[in-house]
Amino acid sequence: KAHQAMRLVWATAVRDGLVRRNVPGEVPPPRLPRTEARWFTPEEVTALRQAAGQHRYAPLLDFVAFTGLRISEALAIRWDDVTADAVRVTGSLTRTGKGIVRDDTKTTAGVRVIPLVPEAAAALRTRKATQAAERLKAGPAWHDTGLVFTTEAGSGA
């Protein structure tokens, strides 16, 4: 972060004519040591699920916990991607300066099929019921995106 900040400061100084060259920009950034990913323990997942309680995004938390998907992939799941026993992962949602954008998955295969354990399937059933109620409440303001996890008005979460 310090290298990045220095590079940006020096780039501004070059642009403003205060220095002739961006010295930090010519130096490669330091390599950070690779660290092993830290996974939640079953006890931590249980505590997180209990803390979520009945929040409208609790099914999203359950779905991510029991499928192992990235949050951006889970947010991009469409109802058309869901079957009784599996979900197809075909994209990811990202927030950009232009709003929320759905991109294809980063894997070269393009599509992954994730089997649904009972807890993940239950989270989807809960979400479907909640979304149906939200659709009725929103009426004509509902924005039908086909996404599973949406705002109260149906747009991408």
Side-chain angles (χ1 to χ4, degrees), residues 1-9 11-12 15-16 25 29 32 34-157:
K1 295 284 184 189
H3 179 268
Q4 183 180 23
M6 289 298 295
R7 197 180 78 233
L8 292 171
V9 167
T12 301
R15 184 195 70 211
D16 293 348
L32 297 175
R34 289 190 155 236
T35 58
E36 188 174 331
R38 183 195 173 293
W39 304 100
F40 287 115
T41 65
E43 294 80 17
E44 290 170 326
V45 171
T46 300
L48 190 57
R49 292 178 67 215
Q50 287 175 348
Q54 297 301 312
H55 191 277
R56 71 178 307 278
Y57 289 120
L60 173 62
L61 173 66
D62 284 348
F63 186 73
V64 169
F66 288 107
T67 60
L69 292 180
R70 296 175 184 95
I71 190 73
S72 60
E73 293 173 330
L75 291 173
I77 299 294
R78 298 171 295 207
W79 287 113
D80 290 345
D81 298 325
V82 178
T83 65
D85 58 353
V87 64
R88 291 176 343 122
V89 182
T90 61
S92 65
L93 283 190
T94 343
R95 187 177 302 276
T96 68
K98 298 177 182 176
I100 296 175
V101 177
R102 189 177 195 283
D103 290 322
D104 291 335
T105 55
K106 294 179 181 177
T107 62
T108 54
V111 174
R112 295 190 333 263
V113 177
I114 307 295
L116 290 177
V117 297
E119 295 86 352
L124 290 177
R125 284 191 300 276
T126 299
R127 181 64 203 131
K128 192 164 197 90
T130 303
Q131 193 176 68
E134 290 171 346
R135 181 187 304 257
L136 283 173
K137 184 176 179 183
W142 180 261
H143 185 240
D144 193 5
T145 59
L147 295 172
V148 172
F149 299 103
T150 60
T151 64
E152 292 93 338
S155 61

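Residue numbers start at 1 and run along the sequence shown.
Under the side-chain contact (heavy atoms from CB on, under 4.5 Å) criterion, His3 pairs with Arg7, Val27, Pro29, Pro30, sequence neighbours left out.
The residue from Arg102, Glu73, Arg112 that alone fulfils the side-chain hydrogen bond (donor to acceptor under 3.5 Å, both in side chains) condition with Thr90 is Arg102. With Arg88 as reference, Val113 is the one residue of Val113, Val82, Ile114 to meet the side chain to side chain contact (heavy atoms under 4.5 Å, CB included) rule.
Closest non-hydrogen pair, Ala52 versus Leu61, comes out as CB-CD2, 3.8 Å. Residues Gly154 and Thr145 share a closest heavy-atom pair of O-OG1, 3.1 Å. The heavy-atom pair separating Asp62 from Ala123 by the smallest distance is CB-CB, 3.8 Å. Here the closest heavy-atom approach between residue Phe63 and residue Ala120 is recorded as CD1-O, 4.1 Å. Between Gly53 and Ala58, the shortest heavy-atom distance links the atoms O-CB, 3.5 Å. Of all heavy-atom pairs between Trp79 and Leu147, the closest is NE1-O, 3.5 Å.
Within the 3.5 Å criterion, the main-chain N or O of Val148 finds a donor-acceptor partner in the side chain of Gln131. Side-chain atoms of Thr130 come within 3.5 Å of backbone atoms of Thr126 as a donor-acceptor pair (strictly under, hydrogens ignored).
The OG1 atom of Thr151 sits 7.5 Å away from atom CD of Glu134, with the distance rounded to the nearest 0.5 Å. One distance of note links CD1 of Ile77 with OG of Ser92; it measures 10.5 Å at 0.5 Å rounding. Between the CG atom in Leu116 and the OG1 atom in Thr83 there is a gap of 6.5 Å [rounded to 0.5 Å]. How far CG of Leu75 is from OH of Tyr57: 8.0 Å, rounded to the nearest 0.5 Å.
Arg127 and Thr150 share a side-chain donor-acceptor pair at under 3.5 Å.
For the pair Glu119 and Arg49, the salt-bridge criterion is not met [side-chain N within less than 4.0 Å of a carboxylate O].
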